[in-house]
Protein chains: 2
Amino acid sequence: MRLTRAGEYAVRCVLYLARRGPGALVSRKEVAEEADIPGQFLAKIAQQLARQGIIEIMQGAGGGYRLSTDPDRITMLEVIETIIGEIALNDCVLRPGSCGNSDICAVHRVWGEAQARLRDHLNGVTFADLLAEEERLRG
Amino acid sequence: MRLTRAGEYAVRCVLYLARRGPGALVSRKEVAEEADIPGQFLAKIAQQLARQGIIEIMQGAGGGYRLSTDPDRITMLEVIETIIGEIALNDCVLRPGSCGNSDICAVHRVWGEAQARLRDHLNGVTFADLLAEEERLRG
DNA sequence: ACAAATAAGATATGTTTAGTCTTATATCAA
DNA sequence: TTGATATAAGACTAAACATATCTTATTTGT
(Lines give C-alpha, C1' and ligand atoms only; values in the text may rest on other atoms or scores of the structure.)
Protein backbone atom coordinates (compact mmCIF):
# COMPACT_ATOMS: atom_id res chain seq x y z
CA MET A 1 0.00 0.00 0.00
CA ARG A 2 0.99 3.57 0.04
CA LEU A 3 -0.48 6.55 1.75
CA THR A 4 -0.96 8.97 -1.08
CA ARG A 5 -1.26 12.71 -0.72
CA ALA A 6 -4.97 12.32 -1.21
CA GLY A 7 -5.16 9.88 1.69
CA GLU A 8 -3.21 12.22 3.90
CA TYR A 9 -5.53 15.09 2.95
CA ALA A 10 -8.55 12.97 3.80
CA VAL A 11 -7.19 12.32 7.28
CA ARG A 12 -6.46 16.01 7.74
CA CYS A 13 -9.91 16.97 6.55
CA VAL A 14 -11.74 14.61 8.89
CA LEU A 15 -9.47 15.55 11.76
CA TYR A 16 -10.14 19.23 11.19
CA LEU A 17 -13.88 18.66 11.12
CA ALA A 18 -13.58 16.63 14.30
CA ARG A 19 -11.70 19.47 15.95
CA ARG A 20 -14.41 21.93 15.03
CA GLY A 21 -16.95 19.75 16.78
CA PRO A 22 -19.18 16.87 15.65
CA GLY A 23 -22.08 19.04 14.48
CA ALA A 24 -20.16 21.91 12.93
CA LEU A 25 -20.79 22.75 9.30
CA VAL A 26 -17.55 24.03 7.85
CA SER A 27 -17.03 25.51 4.40
CA ARG A 28 -14.67 23.86 1.99
CA LYS A 29 -12.72 27.07 1.88
CA GLU A 30 -12.07 26.98 5.60
CA VAL A 31 -11.05 23.33 5.62
CA ALA A 32 -8.78 23.87 2.64
CA GLU A 33 -7.07 26.86 4.21
CA GLU A 34 -6.77 25.57 7.74
CA ALA A 35 -5.80 22.02 6.85
CA ASP A 36 -3.60 23.17 3.99
CA ILE A 37 -5.29 21.26 1.18
CA PRO A 38 -5.74 22.50 -2.40
CA GLY A 39 -9.37 23.55 -2.64
CA GLN A 40 -10.46 21.71 -5.77
CA PHE A 41 -8.58 18.62 -4.76
CA LEU A 42 -10.33 18.69 -1.42
CA ALA A 43 -13.63 18.76 -3.25
CA LYS A 44 -12.83 15.43 -4.92
CA ILE A 45 -11.71 13.88 -1.68
CA ALA A 46 -14.73 15.14 0.21
CA GLN A 47 -17.03 13.62 -2.39
CA GLN A 48 -15.49 10.22 -1.78
CA LEU A 49 -15.77 10.64 1.97
CA ALA A 50 -19.41 11.64 1.55
CA ARG A 51 -20.20 8.64 -0.65
CA GLN A 52 -18.74 6.46 2.08
CA GLY A 53 -20.96 8.17 4.64
CA ILE A 54 -18.14 9.59 6.70
CA ILE A 55 -19.07 13.22 6.09
CA GLU A 56 -22.11 15.06 4.82
CA ILE A 57 -21.90 17.72 2.16
CA MET A 58 -24.33 20.65 2.13
CA GLN A 59 -24.57 22.33 -1.23
CA GLY A 60 -25.38 25.90 -2.11
CA ALA A 61 -24.80 29.13 -0.27
CA GLY A 62 -23.82 28.59 3.34
CA GLY A 63 -22.97 25.01 2.54
CA GLY A 64 -19.95 23.00 3.54
CA TYR A 65 -18.87 19.79 5.19
CA ARG A 66 -19.82 18.12 8.44
CA LEU A 67 -19.01 14.81 10.10
CA SER A 68 -21.82 12.30 9.73
CA THR A 69 -21.11 10.71 13.07
CA ASP A 70 -19.03 11.02 16.22
CA PRO A 71 -15.25 11.04 15.92
CA ASP A 72 -15.04 7.96 18.10
CA ARG A 73 -16.87 5.99 15.44
CA ILE A 74 -14.53 6.95 12.60
CA THR A 75 -11.26 5.05 12.30
CA MET A 76 -8.15 5.95 10.41
CA LEU A 77 -8.44 2.75 8.43
CA GLU A 78 -11.90 3.67 7.24
CA VAL A 79 -10.88 7.12 6.06
CA ILE A 80 -7.72 5.94 4.36
CA GLU A 81 -9.27 2.98 2.60
CA THR A 82 -12.08 5.18 1.36
CA ILE A 83 -9.51 7.10 -0.61
CA ILE A 84 -6.84 4.62 -1.60
CA GLY A 85 -8.77 1.38 -1.60
CA GLU A 86 -8.04 -1.59 0.57
CA ILE A 87 -4.59 -1.45 2.04
CA ALA A 88 -2.48 -4.07 0.32
CA LEU A 89 1.21 -4.50 0.83
CA ASN A 90 1.66 -6.30 -2.46
CA ASP A 91 -0.46 -7.35 -5.37
CA CYS A 92 -0.59 -11.06 -4.78
CA VAL A 93 -2.12 -10.57 -1.33
CA LEU A 94 -4.93 -8.42 -2.62
CA ARG A 95 -5.54 -10.45 -5.75
CA PRO A 96 -4.53 -14.06 -5.20
CA GLY A 97 -4.88 -14.68 -8.92
CA SER A 98 -1.96 -12.41 -9.71
CA CYS A 99 0.42 -14.76 -7.92
CA GLY A 100 0.58 -17.95 -9.93
CA ASN A 101 1.27 -20.16 -6.97
CA SER A 102 -0.28 -18.32 -4.07
CA ASP A 103 -1.49 -21.58 -2.54
CA ILE A 104 2.02 -22.78 -2.04
CA CYS A 105 3.65 -19.37 -1.71
CA ALA A 106 5.26 -18.86 1.68
CA VAL A 107 5.98 -15.20 0.93
CA HIS A 108 2.30 -14.71 0.33
CA ARG A 109 1.54 -15.77 3.89
CA VAL A 110 3.99 -13.33 5.39
CA TRP A 111 2.50 -10.43 3.48
CA GLY A 112 -1.00 -11.49 4.38
CA GLU A 113 -0.15 -11.50 8.04
CA ALA A 114 1.67 -8.18 7.91
CA GLN A 115 -1.24 -6.65 6.04
CA ALA A 116 -3.76 -7.93 8.57
CA ARG A 117 -1.78 -6.53 11.45
CA LEU A 118 -1.41 -3.14 9.84
CA ARG A 119 -5.10 -2.92 9.09
CA ASP A 120 -5.99 -4.01 12.61
CA HIS A 121 -3.75 -1.38 14.04
CA LEU A 122 -5.19 1.43 11.95
CA ASN A 123 -8.68 0.19 12.62
CA GLY A 124 -8.03 0.60 16.32
CA VAL A 125 -7.36 4.31 16.04
CA THR A 126 -10.38 6.60 15.97
CA PHE A 127 -10.46 10.32 15.37
CA ALA A 128 -11.51 10.75 18.97
CA ASP A 129 -8.23 9.09 19.89
CA LEU A 130 -6.37 11.51 17.64
CA LEU A 131 -8.12 14.49 19.23
CA ALA A 132 -7.27 13.21 22.70
CA GLU A 133 -3.68 12.67 21.70
CA GLU A 134 -3.54 16.19 20.29
CA GLU A 135 -4.80 17.54 23.58
CA ARG A 136 -2.16 15.59 25.41
CA LEU A 137 0.60 16.82 23.10
CA ARG A 138 -0.44 20.44 23.38
CA GLY A 139 -1.24 20.44 27.08
CA MET B 1 5.59 2.27 1.60
CA ARG B 2 4.80 0.09 -1.31
CA LEU B 3 6.21 -3.18 -2.43
CA THR B 4 7.15 -2.48 -6.00
CA ARG B 5 7.56 -5.12 -8.64
CA ALA B 6 11.31 -4.78 -8.22
CA GLY B 7 10.99 -5.53 -4.51
CA GLU B 8 8.88 -8.57 -5.23
CA TYR B 9 11.43 -9.78 -7.79
CA ALA B 10 14.23 -9.34 -5.27
CA VAL B 11 12.42 -11.55 -2.78
CA ARG B 12 11.79 -14.15 -5.45
CA CYS B 13 15.42 -14.05 -6.57
CA VAL B 14 16.84 -14.54 -3.08
CA LEU B 15 14.28 -17.21 -2.31
CA TYR B 16 15.17 -19.09 -5.46
CA LEU B 17 18.87 -18.94 -4.64
CA ALA B 18 18.09 -20.15 -1.13
CA ARG B 19 16.15 -23.06 -2.55
CA ARG B 20 19.05 -24.06 -4.74
CA GLY B 21 21.27 -24.25 -1.68
CA PRO B 22 23.48 -21.74 0.13
CA GLY B 23 26.59 -22.38 -1.97
CA ALA B 24 25.00 -22.81 -5.38
CA LEU B 25 26.12 -20.54 -8.20
CA VAL B 26 23.12 -19.98 -10.44
CA SER B 27 23.10 -18.19 -13.78
CA ARG B 28 20.98 -15.11 -14.22
CA LYS B 29 19.21 -16.90 -17.01
CA GLU B 30 18.11 -19.69 -14.73
CA VAL B 31 16.95 -17.35 -11.99
CA ALA B 32 15.08 -15.20 -14.49
CA GLU B 33 13.31 -18.15 -16.05
CA GLU B 34 12.52 -20.09 -12.92
CA ALA B 35 11.51 -17.13 -10.80
CA ASP B 36 9.75 -15.44 -13.71
CA ILE B 37 11.67 -12.18 -13.73
CA PRO B 38 12.62 -10.18 -16.85
CA GLY B 39 16.31 -10.89 -17.42
CA GLN B 40 17.66 -7.37 -17.77
CA PHE B 41 15.54 -6.14 -14.94
CA LEU B 42 16.87 -8.91 -12.75
CA ALA B 43 20.38 -7.74 -13.55
CA LYS B 44 19.64 -4.34 -12.02
CA ILE B 45 18.08 -5.84 -8.95
CA ALA B 46 20.90 -8.32 -8.46
CA GLN B 47 23.42 -5.50 -8.60
CA GLN B 48 21.67 -3.76 -5.75
CA LEU B 49 21.51 -6.97 -3.74
CA ALA B 50 25.22 -7.51 -4.37
CA ARG B 51 26.14 -3.99 -3.29
CA GLN B 52 24.25 -4.66 -0.08
CA GLY B 53 26.23 -7.87 0.40
CA ILE B 54 23.22 -10.16 0.23
CA ILE B 55 24.38 -12.01 -2.87
CA GLU B 56 27.65 -12.38 -4.77
CA ILE B 57 27.88 -11.97 -8.51
CA MET B 58 30.40 -13.90 -10.57
CA GLN B 59 31.07 -12.37 -13.95
CA GLY B 60 32.09 -13.98 -17.19
CA ALA B 61 31.40 -17.35 -18.68
CA GLY B 62 30.04 -19.76 -16.11
CA GLY B 63 29.17 -16.84 -13.89
CA GLY B 64 25.98 -16.16 -12.02
CA TYR B 65 24.58 -15.37 -8.60
CA ARG B 66 25.06 -16.93 -5.21
CA LEU B 67 23.92 -16.11 -1.69
CA SER B 68 26.63 -14.46 0.39
CA THR B 69 25.44 -16.02 3.59
CA ASP B 70 23.02 -18.52 5.05
CA PRO B 71 19.31 -18.05 4.43
CA ASP B 72 18.68 -17.83 8.16
CA ARG B 73 20.72 -14.65 8.25
CA ILE B 74 18.81 -12.86 5.51
CA THR B 75 15.52 -11.22 6.45
CA MET B 76 12.70 -10.09 4.21
CA LEU B 77 13.06 -6.58 5.56
CA GLU B 78 16.69 -6.46 4.50
CA VAL B 79 15.99 -7.61 0.97
CA ILE B 80 13.03 -5.33 0.48
CA GLU B 81 14.63 -2.22 1.90
CA THR B 82 17.68 -2.82 -0.23
CA ILE B 83 15.48 -2.30 -3.24
CA ILE B 84 12.84 0.21 -2.22
CA GLY B 85 14.61 2.06 0.56
CA GLU B 86 13.40 2.30 4.11
CA ILE B 87 9.80 1.28 4.47
CA ALA B 88 7.76 4.37 5.18
CA LEU B 89 4.01 4.49 5.34
CA ASN B 90 3.83 8.18 4.66
CA ASP B 91 6.23 10.99 3.97
CA CYS B 92 6.03 12.82 7.26
CA VAL B 93 7.15 9.74 9.17
CA LEU B 94 10.23 9.26 7.06
CA ARG B 95 11.08 12.93 6.79
CA PRO B 96 9.79 14.78 9.84
CA GLY B 97 10.56 18.06 8.12
CA SER B 98 7.90 17.46 5.50
CA CYS B 99 5.17 17.66 8.13
CA GLY B 100 5.00 21.24 9.34
CA ASN B 101 3.84 20.33 12.79
CA SER B 102 5.14 16.85 13.34
CA ASP B 103 5.95 17.61 16.95
CA ILE B 104 2.33 18.14 17.76
CA CYS B 105 0.90 15.84 15.11
CA ALA B 106 -1.05 12.96 16.57
CA VAL B 107 -1.44 11.33 13.18
CA HIS B 108 2.30 11.28 12.88
CA ARG B 109 2.57 9.13 15.97
CA VAL B 110 0.12 6.58 14.69
CA TRP B 111 2.00 6.17 11.46
CA GLY B 112 5.30 5.94 13.26
CA GLU B 113 4.03 3.14 15.41
CA ALA B 114 2.45 1.27 12.51
CA GLN B 115 5.65 1.60 10.54
CA ALA B 116 7.78 0.28 13.40
CA ARG B 117 5.52 -2.72 13.83
CA LEU B 118 5.57 -3.56 10.17
CA ARG B 119 9.35 -3.34 9.98
CA ASP B 120 9.72 -5.47 13.11
CA HIS B 121 7.47 -8.07 11.65
CA LEU B 122 9.32 -8.30 8.35
CA ASN B 123 12.63 -8.27 10.16
CA GLY B 124 11.56 -11.37 12.02
CA VAL B 125 11.11 -13.41 8.87
CA THR B 126 14.25 -14.98 7.38
CA PHE B 127 14.57 -16.84 4.11
CA ALA B 128 15.20 -19.99 6.11
CA ASP B 129 11.74 -19.46 7.59
CA LEU B 130 10.31 -19.10 4.12
CA LEU B 131 11.98 -22.31 2.96
CA ALA B 132 10.66 -24.15 5.99
CA GLU B 133 7.19 -22.80 5.38
CA GLU B 134 7.39 -23.88 1.75
CA GLU B 135 8.31 -27.37 2.87
CA ARG B 136 5.37 -27.41 5.23
CA LEU B 137 2.97 -26.18 2.53
CA ARG B 138 4.14 -28.73 -0.02
CA GLY B 139 4.43 -31.65 2.36
C1' DA C 1 -32.65 37.10 -9.84
C1' DC C 2 -28.23 36.98 -7.77
C1' DA C 3 -24.51 35.45 -5.08
C1' DA C 4 -22.40 31.73 -2.75
C1' DA C 5 -21.14 27.23 -2.67
C1' DT C 6 -20.42 22.46 -4.22
C1' DA C 7 -20.60 18.65 -8.39
C1' DA C 8 -18.57 16.51 -12.03
C1' DG C 9 -16.06 15.73 -16.12
C1' DA C 10 -12.13 16.98 -19.00
C1' DT C 11 -7.58 18.13 -19.19
C1' DA C 12 -2.92 18.91 -18.02
C1' DT C 13 1.63 17.96 -15.62
C1' DG C 14 4.96 15.70 -13.19
C1' DT C 15 6.79 11.57 -11.01
C1' DT C 16 7.53 6.86 -10.56
C1' DT C 17 7.62 2.28 -12.22
C1' DA C 18 8.94 -1.17 -15.17
C1' DG C 19 11.38 -2.48 -18.56
C1' DT C 20 14.48 -2.34 -22.84
C1' DC C 21 18.60 -1.12 -25.55
C1' DT C 22 23.23 -0.50 -26.22
C1' DT C 23 27.98 -0.63 -25.35
C1' DA C 24 31.56 -2.14 -22.36
C1' DT C 25 33.87 -5.43 -19.47
C1' DA C 26 35.03 -9.84 -17.41
C1' DT C 27 35.87 -14.93 -17.57
C1' DC C 28 36.51 -19.46 -19.37
C1' DA C 29 37.93 -22.71 -22.73
C1' DA C 30 39.69 -24.21 -27.00
C1' DT D 1 44.57 -15.08 -28.45
C1' DT D 2 40.26 -15.56 -30.06
C1' DG D 3 35.52 -16.56 -29.56
C1' DA D 4 31.64 -17.61 -26.76
C1' DT D 5 29.40 -16.77 -22.57
C1' DA D 6 28.02 -13.90 -19.02
C1' DT D 7 27.38 -9.73 -16.24
C1' DA D 8 27.97 -4.13 -15.68
C1' DA D 9 26.27 0.18 -16.32
C1' DG D 10 24.13 4.03 -18.22
C1' DA D 11 20.73 5.92 -21.45
C1' DC D 12 16.42 5.62 -22.94
C1' DT D 13 11.23 4.62 -23.45
C1' DA D 14 6.47 3.64 -22.45
C1' DA D 15 2.87 3.24 -19.39
C1' DA D 16 0.69 4.08 -15.14
C1' DC D 17 -0.38 6.87 -11.42
C1' DA D 18 -0.59 10.96 -8.53
C1' DT D 19 -1.71 15.55 -8.18
C1' DA D 20 -3.74 18.63 -9.27
C1' DT D 21 -6.44 22.59 -12.26
C1' DC D 22 -10.04 24.29 -15.45
C1' DT D 23 -14.53 24.66 -16.97
C1' DT D 24 -19.32 24.26 -16.92
C1' DA D 25 -23.34 22.89 -14.44
C1' DT D 26 -26.20 22.58 -10.43
C1' DT D 27 -27.84 23.60 -5.88
C1' DT D 28 -29.19 26.70 -2.10
C1' DG D 29 -30.12 30.86 0.60
C1' DT D 30 -31.38 35.81 0.51
Side-chain angles (χ1 to χ4, degrees), chain A residues 1-13 17 24-33 35-52 54-66 68 80 82-85 87-92 94-95 98, chain B residues 1-13 17 24-33 35-52 54-66 68 80 82-91 94-95 98:
Chain A
M1 83 123 209
R2 167 175 174 188
L3 181 64
T4 60
R5 194 69 71 104
E8 173 104 27
Y9 288 160
V11 171
R12 278 196 226 167
C13 170
L17 293 177
L25 181 63
V26 186
S27 73
R28 184 180 77 192
K29 191 163 183 285
E30 178 179 335
V31 176
E33 283 173 0
D36 198 25
I37 305 171
Q40 302 265 37
F41 200 19
L42 173 57
K44 303 289 182 196
I45 292 162
Q47 283 158 31
Q48 292 179 266
L49 292 172
R51 256 179 252 132
Q52 186 68 19
I54 295 171
I55 68 173
E56 283 171 11
I57 300 181
M58 298 299 163
Q59 282 195 26
Y65 308 144
R66 157 165 60 208
S68 296
I80 290 163
T82 293
I83 305 300
I84 69 175
I87 284 178
L89 295 174
N90 68 344
D91 281 348
C92 88
L94 188 58
R95 302 171 307 175
S98 70
Chain B
M1 83 122 210
R2 166 174 173 192
L3 182 63
T4 60
R5 194 69 72 102
E8 174 104 26
Y9 288 160
V11 171
R12 279 197 224 166
C13 170
L17 293 177
L25 181 63
V26 186
S27 73
R28 184 180 79 192
K29 191 163 183 284
E30 178 179 335
V31 176
E33 282 173 1
D36 199 27
I37 306 172
Q40 301 267 35
F41 200 19
L42 172 57
K44 303 288 182 197
I45 291 162
Q47 284 159 32
Q48 292 179 267
L49 292 172
R51 255 178 253 131
Q52 187 67 20
I54 295 171
I55 68 173
E56 283 171 13
I57 302 180
M58 298 298 161
Q59 283 196 24
Y65 307 145
R66 156 165 60 210
S68 296
I80 291 163
T82 293
I83 304 300
I84 68 175
E86 183 178 339
I87 285 178
L89 296 174
N90 67 346
D91 281 348
L94 188 57
R95 302 172 307 174
S98 70

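Worth saying up front: this structure is predicted, and the values here are computed from it rather than measured.
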Identify the pairs formed between an N or O of the protein and an N or O of nucleotides 9-12 of chain C at a distance under 3.5 Å, and give each distance.
{"residue": "C/dG9", "atom": "N7", "partner": "A/Lys44", "partner atom": "NZ", "Å": "3.0"}
{"residue": "C/dG9", "atom": "O6", "partner": "A/Lys44", "partner atom": "NZ", "Å": "2.9"}

Closer than 4.0 Å, any side-chain N/O of [X] to the OP1 or OP2 of [N]?
| X | N | answer |
| --- | --- | --- |
| B/Thr4 | C/dT16 | no |
| A/Gln47 | C/dA8 | yes |
| A/Arg28 | C/dA5 | no |
| B/Tyr9 | C/dG19 | yes |

Sugar-phosphate only, base, or nothing, as touched by B/Ala46 at under 4.0 Å among non-hydrogen atoms: nothing

Could you tell me how far apart [X] ([atom1]) and [N] ([atom2]) are, to the nearest whole angstrom?
| X | N | atom1 | atom2 | answer |
| --- | --- | --- | --- | --- |
| A/Ile45 | D/dA18 | CD1 | P | 12 Å |
| A/Leu42 | C/dA7 | CG | C1' | 13 Å |
| A/Tyr65 | C/dA7 | OH | C1' | 9 Å |
| A/Glu56 | C/dA5 | CD | C1' | 17 Å |
| A/Leu25 | C/dT6 | CG | C1' | 12 Å |
| A/Arg5 | D/dT21 | CZ | C1' | 15 Å |
| A/Leu49 | C/dT6 | CG | P | 14 Å |
| B/Phe41 | D/dA14 | CZ | C1' | 14 Å |

Test applied, side-chain contact (heavy atoms from CB on, under 4.5 Å); reference residue, B/Tyr65; option that passes from B/Ile57, B/Ile54, B/Leu49, B/Val26: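 Passing option: B/Ile57.
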
Heavy-atom closest pair, residues A/Arg28 and A/Ala43: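 Minimum heavy-atom separation between A/Arg28 and A/Ala43: NH1-CB, 3.2 Å.
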
Distance-minimising heavy-atom pair for A/Met58 and A/Leu25: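 For A/Met58 versus A/Leu25, the nearest heavy atoms are CG-CD1, 3.7 Å.
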
Close side-chain approach of A/Cys13 and A/Ile45, heavy atoms under 4.5 Å: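 Result no, sub-4.5 Å side-chain heavy-atom pair not found.
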
Main-chain N/O of A/Asp36 paired with A/Arg12 side-chain donor or acceptor, under 3.5 Å: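 It does hold such a pair.
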
Working to the nearest 0.5 angstrom, can you tell me the gap between [X] [atom1] and [Y] [atom2]?
| X | Y | atom1 | atom2 | result |
| --- | --- | --- | --- | --- |
| A/Gln40 | A/Lys44 | CD | NZ | 7.5 Å |
| A/Ile83 | A/Gln52 | CD1 | CD | 9.0 Å |
| B/Glu8 | A/Leu89 | CD | CG | 11.0 Å |
| A/Ile84 | A/Gln48 | CD1 | CD | 11.0 Å |

Under-3.5 Å N/O pairs linking protein and nucleotides 28-30 of chain D:
{"residue": "D/dT28", "atom": "O2", "partner": "A/Ala61", "partner atom": "N", "Å": "3.2"}

Nearest-nucleotide pick for B/Ile57, side chain only, options being D/dA8, D/dA20, C/dT20: D/dA8

